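Down below is the structure, laid out as structure tokens.
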Amino acid sequence: MANISAAVEALVPKLIALRRDLHKHPELGFQEVRTAGIVADRLSRLGYAVQTGVGKTGVTGFLAGGKPGKTILLRADMDALPIQEETDVPWRSERPNVMHACGHDTHVAMALTAAEVLAKAAPSLSGNLYFVFQPAEEAASGADAMLKDGVLKSVKPDAAIAIHTLTFWPAGTLAICDGAAMASADKLEITVTGKGGHGASPERAVDPVVAAAHIITALQTLVSREAPPLEAAILSITMLRAGTAFNIIPDTVEMTGTFRCFNPELREQQMASLARTVNGIASALRCTARVTDEFVTPAVLNDPAVTAIARAVASQIVGADKVLAPQPLTGSEDAAFFWQRVPGCYAFLGAAPADGSPGVSVHNARFDIDESALPIGVEFLVQTARTLLQSS
Ligand SMILES: [Zn+2]
Ligand SMILES: [Zn+2]
């Protein structure tokens, strides 16, 4: 059994009711109007200084403790996914083709419950709380929008925490990565241009299809031959567009892909190698190439000191044997933009069925969680924030 404080335990019915209400009414990125309204209303009632419309639909809440001290940022994302829910729970989405299939409903519910517990304790706290409810995480653009609206300009947090509910591990566990927690993401767009012509007269054309095929193959050597073997990196070409008929050599080939890794220096090196490889092969085969690299989000890198505190807190709540130290996830998270600026710990809340049966993954139409995990997430946010405020 997890070690849940009386203050959190008393709010569990309200926590579950809020989570189910949010789950019934999911909203896509930058459309979180109802969700943001609930967040702003609850934070205001609890005494937080609230700002709305931060990065379109984001909300922040600031609360000063009884004595001066550090400021802790607690971040939750609010958006849902364009998925038709296929669960049969009574609180399934009432909105067609929109579903909280990534658990962000639970993140909002847990953060608001933590905000309530911490507000009650505020007179005895040394330091401040800064809640950041972020829109549009799935598009990896909400954090950037909030930063551009000045989120970290008026308030300078000393540490940041966030938690993501996942069904990779059973309810009753917390998973915390040391160092990298999630990968950086680049969106790659490559256009190879040759000279179109008749498929039967290649000597009169410059074939970009053959050049593109060589490029895709050669790009597989970036990770395998140029990255250190013990460094993780992924390069996937995922879309390919070319041609209109069986007897036409097209003018151009377009391809799209993604690059993921955990080391910013390796990313720089690999992106340089990508441009060199694409341009070199295109040139050798008489084509030209254009490479566009959109840096979607950096890696989420957990700060050692903040993470050590979070891990110690997690051990007190669920027991050291239930605090896992997984490999970093190869997915991406734009919380990274906050984590670049504030030393933080991004943790994972196990929420697969506690009986050990496998959970359904996030981003699946049948995604569902074991709600017994949620009080653990709240307790983790509350106690980690409190401990960080007390840390020297
Ligand atoms: Zn997601
Ligand atoms: Zn998510």
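Every value quoted in this text rests on a predicted model; they were computed, and no experiment measured them. Each ligand, and each atom within it, is numbered from 1 in the order the structure gives.
Take the N/O/S atoms of His104: the one nearest the Zn ion (ligand 2) is NE2. His363 has its closest N, O or S atom to the Zn ion (ligand 1) at the position named NE2. Of all N/O/S atoms in Glu138, OE2 sits nearest the Zn ion (ligand 1).
Among the atoms of Cys102, an N, O or S atom falls under 2.8 Å from the Zn ion (ligand 1). Checking His107 against the Zn ion (ligand 2), every N/O/S atom stays at or beyond the 2.8 Å cut-off.
Salt-bridge check for Asp334 with Arg75: passed, with a basic side-chain N closer than 4.0 Å to an acidic carboxylate O. Between Arg366 and Glu85 there is no salt bridge, since no side-chain N of the basic residue sits under 4.0 Å from a carboxylate O of the acidic one. Residues Asp41 and Arg45 are paired through a salt bridge, judged by an N-O separation under 4.0 Å between the basic side chain and the carboxylate.
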List the steps, then state whether side-chain contact (heavy atoms from CB on, under 4.5 Å) holds for Val278 with Leu219. CA-CA 8 Å; Val278 171; Leu219 289 180; 4.1 Å; yes

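In summary, the aromatic rings of Tyr48 and Phe62 are positioned with their centroids too far apart to meet the 6.0 Å limit.
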